[in-house]
Amino acid sequence: MTVIGIDLGTTNSCVAVIKNGKPEVVKDDGGKATIPSIVSFVKNDLTGEIGKIVGAQAHQQMLTNAENTVYCIKRLIGHDFKSASINHILPTLPYKVIPGQQGNGLEIYIPALGKNFTTEEISSYILTELRSTAEKYTGETITKAVITVPAYFNNKQRQATKDAAAIAGIEVMRIINEPTAAALAYGFSKNFSEEKLLAVFDFGGGTFDITLMEVSQDTFNVVATAGNTFLGGEDITNALLDYLLDDLSTRYNLPDIDDQLVIQRLRDYAETAKKNLTIQTAVTIEIPYLKEVNGNFIHYKTEVTREKLEELALPFIQKAINTFDKTLQEVQLTPGDLAGIILIGGQTRMPLLQKELAEFCPSVQILKNINPDETVAIGAALQAKLLEEEAGGDDNGMLLLDVTPHNLGIAVGKDMFYTLIQKNSTVPTSVDDIFVTSHDNQEKAKILLLQGDSLVASENEILGEFELDGLRPAKRGEVKIRVTYEIDINGIVTVQAMDMDTGISQRITVASTGNMTKEELAKKIEENSDYYLDLAEKTMVEEIVQSIENYLFELETMKPKLYQIFANSKIGNDKMEKMEALISGTKTYIKGEKLDLEKLQDIETKLDILKNTYKNLIDHSDETVAPDGGLF
């Protein structure tokens, strides 16, 4: 039985198989190794029926049938309509995105059919096309696949990808992260004499990931991962499109250009120009009959230089490299610790990106001897083959250790976030902790599942929630609840809460998130705080001490920049002396044997204000005097 590996991409998708022991990318009927991740609904001129087409043919419909042609679906899958990120990109999409049924998620409205489609359904059509291409090539029916996702995909995005595969009739053997798949492909047939620390820099069409990985002959161990599911080549294309629209508007006195045909034609040319400027220093864009104005057609012609494109692209590339830098710092590493950088995603071909990376990691080899468009699918196919062998009882000796990209935990007390599974924990994993009731005679416990980096619950993202009813009447803190958080090998989250007195328990596998803005989440937390659990006092002290240590570390990293900003400033030097005293005093206090919870909370609040004040100062370092935040 043939199993396949699928790279379900934002811009393009790819499928690979193992043939005669070696991975091979399957080409479509046109000889292309990738297919555009586009689905279009078109009318058959002979029958009048509406049918769907996928891939290259669908790409041709983007100009003339824009409102019925869906692309960039990967940026939408697993998201809610009210999400700030989604609302940021909606103006760039020619098709209509609407709230999902029962206020959950979002859907795509196709006017040609007068019908809504979920993001999972649209994605399933792309997966079906990839499976069909592989079946034509192998002559076999294919039902199983390993599918890759961005390392920074959250639980709902991963689950939605599995659901899309189920709709396409594909059993997902495993969901693996794209950078992990790329490293697996890179390590195939290489004879590593010693362990190497590699960075996988994945700058694709719609998402960005950075993954640090220890690689040896038969072990692939992810050390840390981070990313942004709304950062990629599409942003650079949109920036160039905006530049062209501004030029067109200025040159021909067109204040508002909302003609979708004009926008899509310009977008198509912008995408082509972006690709050509990888190997050329300038390109000419020439579009005849672009728009009719007062009975006359505009024949638009302009030159775009690589220098202009790089000016537009630089903020996005710097954002990615800043994330790279922060990820290294989180695990106390430097660029010099790396043995190499693997580039994946078509946008990594951009000369500016490679130049900026080389400047950030001057002594590190950038590994360019792999195809950034095909490597992820090859790695997925290798993983599929390994899993097939394991199922057949063949111990191949390969060990693949991935991590979770987010802190996972629950809301406790008054809008506090308690982390059970730390970011960059190896998966699969299971962590439990004991909580207590927060009020006298509390009849039920509400377990609000969250992911994120903030200590404030309402500033994180909701994963789901459930209730544990039937708690015995008792004073606050007497009823103990054990909460267990689990993440399986696919990154799917399951949580259980159990009353330790009665054994009553509830369990949830997170399949969707609430459709909430941060304001709505904050209101929900406030309204339900009486039913949330609390930390036992000892656990709370340990948690706050850990938080304080994190603040101290962040302030220590800020000090060199702050001394530079405050140079030759008496007020500034006074502030630094007081900050040094607070840091020193805090370090001494938390090492003591008797720690007072209330005092710790006061210190934590002061450090939080101090960190945010000085972080804001560093971010706007042209200012010479910082506000003291009421601390000093």
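All of these numbers come straight from a predicted model, not from anything done at the bench.
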- Compute the ring centroids of Tyr109 and Tyr95, then answer whether they are less than 6.0 Å apart. no
- Note on the structure: To the nearest 0.5 Å, atom CD1 of Ile6 lies from atom OG of Ser13 at 8.5 Å
- Item | Residue pair Leu8 / Lys74: nearest heavy atoms and the distance that separates them | O-NZ, 3.0 Å
- Task: Apply salt bridge (charged side-chain N to carboxylate O under 4.0 Å, His left out) to Lys355 and Glu359, showing your working.
- Result: CA-CA 6 Å; Lys355 171 177 168 290; Glu359 289 180 0; 3.2 Å; yes
- Note on the structure: The side-chain hydrogen bond (donor to acceptor under 3.5 Å, both in side chains) partner of Gln451 among Lys423, Glu461, Lys156 is Glu461
- Message: Does any part of the side chain of Thr138, heavy atoms only, come nearer than 4.5 Å to the side chain of Ile4, both counted from C-beta?
- Response: no
- Note on the structure: The reported gap from OG1 in Thr419 to OH in Tyr485 (rounded to nearest 0.5 angstrom) is 9.5 Å
- Just do the side chain to side chain contact (heavy atoms under 4.5 Å, CB included) check on Phe324 and Leu357 with the steps written out, would you? CA-CA 10 Å; Phe324 188 1; Leu357 263 183; 3.8 Å; yes
- Ala226 to Thr323 - nearest heavy-atom pair and separation: CB-CG2, 4.0 Å
- Message: Give me the atom names and distance for the closest heavy-atom approach of Phe81 to Ile86.
- Response: O-CG2, 4.0 Å
- Item | Sole candidate of Asn221, Val200, Asp402 that passes side-chain contact (heavy atoms from CB on, under 4.5 Å) when paired with Thr180 | Asp402
- Test Thr229 against His79 for side chain to side chain contact (heavy atoms under 4.5 Å, CB included), laying out the working first. CA-CA 11 Å; Thr229 54; His79 279 286; 4.2 Å; yes
- Item | Any Asp268 side-chain heavy atom under 4.5 Å of His59 side chain | yes
- Query: Which word best sums up how the rings of Phe208 and Phe203 line up, parallel for under 30°, tilted for 30 to 60°, or perpendicular for over 60°?
  - Reply: tilted
- Item | Side chains of Val493 and Thr404 in contact at under 4.5 Å (non-hydrogen atoms) | no
- Please say which of Ile344, Val215, Asn369, Thr375 ends up in a side-chain contact (heavy atoms from CB on, under 4.5 Å) with Tyr186. Asn369
